[in-house]
Protein chains: 2
Amino acid sequence: MFSIGQLSKQTGVKVPTIRYYEQAGLLVSAGRTDGNQRRYDKEGLERLGFIRHARDLGFSIEAITALIDLQQHPDRSCQEATEIAQHQLTDVREKLQRLKALETELVRITDGCDGEGSSEECYVLASLADHQHCRGEH
Amino acid sequence: MFSIGQLSKQTGVKVPTIRYYEQAGLLVSAGRTDGNQRRYDKEGLERLGFIRHARDLGFSIEAITALIDLQQHPDRSCQEATEIAQHQLTDVREKLQRLKALETELVRITDGCDGEGSSEECYVLASLADHQHCRGEH
DNA sequence: CTACAACCTCTAGTGACTAGAGCTTCAAGA
DNA sequence: TCTTGAAGCTCTAGTCACTAGAGGTTGTAG
């Protein structure tokens with residue numbers, strides 16, 4: 001049996017976050033001591049590990065709820081889980097695209113400026129003021 | 001002179017967002033008609049364009065405030081602006097790194113599963129449950 | 001002059017936490 | 001057994017950058 005603090009240490013999830021997950025319905029309400037403190041078993045630990053891993057991969061709370069739901073109905077098709085993961089992958093790839101464009105643009109902006117001189121003729125500021133400077137879309 | 005709606009159309013920034021920017025101190029309080037409606041001139045339009053562009057590049061409201069402040073003190077060094085942009089670039093690059101790792105991991109997870117069978121033996125769910133499966137860090 | 005789109009302010013909600021106040025409980029050492 | 005203080009509890013509010021909605025007022029085209 002672990003206290004919430006021990007669970008926190010083992011998973012790397014902060015204590016208030018664990019309570020938040022419970023309140024959000026991700027974690028089943030933990031058992032309590034007579035004094036109302038939460039106590040967790042191995043299952044609680046594994047569940048939190050699952051959540052942690054999924055959050056690290058950028059899955060939303062909503063998506064994780066769906067995945068946990070699926071986990072608990074072993075008879076249901078695996079397809080749903082794959083769809084959720086695929087969706088997440090698409091999402092990540094879109095963000096990657098966008099960030100790559102931003103990187104290019106920021107490199108261009110910062111390279112154009114040596115940091116000397118007054119801000120009046122600053123290339124960074126000029127670039128931001130005038131979209132015309134940009135190569136690509138964003 | 002433009003109304004807030006015309007400004008919105010010209011810049012692509014939604015009306016409530018413009019008001020939010022004003023309230024956040026990014027946009028100087030606009031002039032008003034006798035009936036208390038905002039009216040903008042060319043300067044207001046340019047300022048909003050600047051903000052829009054900077055937001056598109058992922059600069060925080062705080063960073064943009066600093067940049068605008070700089071713009072208004074043409075005597076101050078350009079170095080600060082460059083630093084802010086550099087910081088933003090570092091930030092973007094970190095996110096890129098992270099997202100690339102996530103992509104790899106998600107591809108591995110989704111590739112391992114054909115979507116058939118029951119969720120009991122689903123590779124997606126198993127991968128999320130067990131960090132051991134992972135190649136890299138995240 | 002009228003109708004109604006567009007404007008106004010204010011409050012509250014979003015997602016995923018994080019911080020803090022004010023109180024109670026657990027567990028180790030004396 | 002008692003004490004102390006770290007760790008737990010609940011509840012409210014704050015974060016960021018908006019977005020939505022209520023309920024009322026103004027501008028302007030016909």
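Naming: A, B, ... by sequence-line order, numbering from 1 per chain.
Taking atom NZ on B/Lys14 and atom C1' on C/dT14, their separation rounds to 13 Å, with Å as the unit. The separation between A/Gln23 atom CD and D/dT12 atom C1' is 12 Å, rounded to whole Å. If you measure from atom NZ of B/Lys9 to atom P of C/dA5, you get 13 Å, rounded to the nearest angstrom. Look at CD1 on A/Ile18: it is 17 Å from P on C/dA16, rounded to the nearest Å. Atom OH of B/Tyr20 and atom C1' of C/dC10 are 16 Å apart (whole Å). One interatomic measurement links the two molecules: CD of B/Glu62 to P of D/dT15, which rounds to 12 Å at whole-angstrom precision. In this structure, the CD atom of A/Gln6 is 14 Å from the P atom of C/dC26, given to the nearest Å. At whole-Å resolution of the value, CD1 in A/Ile4 and C1' in D/dA6 are 15 Å apart.
Between B/Tyr21 and the phosphate of D/dA17, there is no side-chain N or O to OP1/OP2 separation shorter than 4.0 Å. Between A/Ser60 and the phosphate of C/dG15, there is no side-chain N or O to OP1/OP2 separation shorter than 4.0 Å. For the OP1/OP2 pair of D/dG8 and a distance below 4.0 Å, the side-chain nitrogens and oxygens of A/Ser3 include at least one atom meeting the criterion.
The two atoms that bring B/Ala85 and A/Val124 nearest to each other are CB-CG1, 4.0 Å, heavy atoms only.
At a threshold of 4.0 angstrom between heavy atoms, the contacts of A/Phe59 with the nucleic acid are absent. Among the atoms of the strands shown, base atoms are found under 4.0 Å from some heavy atom of B/Arg19.
Nearest nucleotide to the side chain of A/Ile61, out of D/dT19, C/dA16, D/dA17: C/dA16.
Considering only heavy atoms from C-beta on, B/Ile51 comes within 4.5 Å of B/Ile68 through its side chain. The closest side-chain heavy-atom distance from B/Asp56 to B/Arg52 is below 4.5 Å. The shortest side-chain heavy-atom distance between A/Asp111 and A/Tyr123 does not fall under the 4.5 Å cut-off.
The pair B/Glu94-B/Arg98 fails the salt-bridge criterion, with no side-chain N (NZ, NE, NH1 or NH2) lying under 4.0 Å from an Asp/Glu carboxylate O.
Within residues 26-40 of chain A, the residues approached by DNA chain C to less than 4.0 Å at the level of any non-hydrogen atom are A/Thr33, A/Gly35, A/Gln37, in residue-number order.
In terms of modelled atom types and a separation under 3.5 Å, the side chain of B/Asp41 and the main chain of B/Gly44 share a donor-acceptor contact.
Between A/Gln79 and A/Glu83, the side chains place a donor N or O and an acceptor N or O closer than 3.5 Å (distance only, hydrogens not considered).
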